[in-house]
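Heads up, the thing below is written out as structure tokens.
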Amino acid sequence: IFSARRAGDQKTAESLAAASDECRQAIRYWRQSANNRMEAYARVVLADALRSSGRITEAAENYDAAGELARRAGDALLLGETINKRGSIELNLGQIEAADLSYGRALDVWQKAGFQYGAMAVLNNRALLKTRTGEWNSALRDFQALLRSSELTDIRLRAAAENNIGLVY
């Protein structure tokens, strides 16, 4: 079992490295064609692969670059995604205040764009952050706002929010 798992881990590492190489090539092509939106998207995919392979600093840099490209392209959905994912990295690194600011920015971007599903995801992330810092009332407000959303049709997200409210009480 141990050797099979190690082989699986190696395959995953090789797959992530190959994905990163392909994304870097795509970024070069999109930059040559001056397509900011698609370059931003390729950078998000690259950042996701880098994050999965433990290269957190590089991932954060690519989320930031993708966010700037998404902003220039006027793509609020992609911009919100980059900010939300940056917030998750900050939270994992213990940068609580930075994560809270990122989640607030992502929420603002997605609410202004009318992207309720993204707003619900970031409300959940921010509420979980608040449970880590002991800000129970703030966490409860975010979880309740999430549950009040008329867009909350994903049963898994609803169940997670209901479950997470249990952390607050």
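Since we're looking at a predicted model, the values are computed, not measured. The residues of the chain are indexed from 1 along the displayed sequence.
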>> If you compare all heavy atoms of G80 against all heavy atoms of A106, which two are closest, and at what distance to 0.1 Å?
In response: O-CB, 3.7 Å
> In a check of side chain to side chain donor-acceptor pair (under 3.5 Å) between D108 and each of Q111, K112, R105, which one passes?
Replying inline: K112
> Could you state the interatomic distance from CZ (R126) to CG (L146), rounded to the nearest 0.5 Å?
Replying inline: 11.0 Å
>> If you compare all heavy atoms of A70 against all heavy atoms of A40, which two are closest, and at what distance to 0.1 Å?
In response: N-CB, 3.8 Å
>> Testing the basics here: between R51 and S88, what is the closest heavy-atom pair and its distance to 0.1 Å?
In response: NH2-CB, 3.4 Å
> Which residue pairs pass the ring-ring contact (aromatic ring centres under 6.0 Å, His included) test with at least one member in residues 68-114, sequence neighbours excluded?
Replying inline: W110-F115
>> Please report the interatomic distance CG(L140) to OG1(T131), rounded to the nearest 0.5 Å.
In response: 11.5 Å
> How many angstroms lie between OG1 in T82 and CG in D75, if you round to the nearest 0.5 Å?
Replying inline: 9.5 Å
>> Please give me the minimum heavy-atom distance between A113 and L77, naming the atom from each residue.
In response: CB-CD2, 4.3 Å
> Is there a path of hydrophobic side-chain contacts, each under 4.5 Å between heavy atoms of I, L, V, M, F, W or Y residues, that connects L69 with I27?
Replying inline: no
>> Could you report the tightest heavy-atom contact between A99 and G87, atom names first, then the distance?
In response: CB-O, 3.4 Å
> In chain order, what residues pass the salt bridge (charged side-chain N to carboxylate O under 4.0 Å, His left out) check against E39, with sequence neighbours excluded?
Replying inline: R31, R43
> Between N125 and N84, is a side chain to side chain contact (heavy atoms under 4.5 Å, CB included) present by the stated rule, with each step listed?
Replying inline: CA-CA 8 Å; N125 289 347; N84 185 46; 3.0 Å; yes
>> Are L91 and L101 linked, directly or through intermediate hydrophobic residues, by side-chain heavy-atom contacts shorter than 4.5 Å (ILVMFWY only)?
In response: no
>> To the closest 0.5 Å, what do you measure between CZ (R132) and CG (D100)?
In response: 12.5 Å
> In the hydrophobic clustering that connects Ile, Leu, Val, Met, Phe, Trp and Tyr at side-chain heavy-atom distances below 4.5 Å, which members other than V45 occupy its cluster, ordered by chain and number?
Replying inline: W30, M38, Y41, V44, I56, Y63, L78, I89, L93
> Is a side-chain donor-acceptor pair under 3.5 Å present for N124 with D142?
Replying inline: no
>> Please say yes or no: joined through hydrophobic side-chain contacts below 4.5 Å, possibly via intermediate residues, are L46 and L16 part of one cluster?
In response: no
>> If the test is side chain to side chain donor-acceptor pair (under 3.5 Å), which one of K85, Q95, R86, E90 qualifies with S102?
In response: E90
>> Between Q144 and R141, do the side chains contain a donor N or O and an acceptor N or O under 3.5 Å apart?
In response: no
> Got a second to check how far E58's CD is from S53's OG, nearest 0.5 Å?
Replying inline: 8.0 Å
> Distance from L123 atom CG to L147 atom CG, nearest 0.5 Å?
Replying inline: 10.0 Å
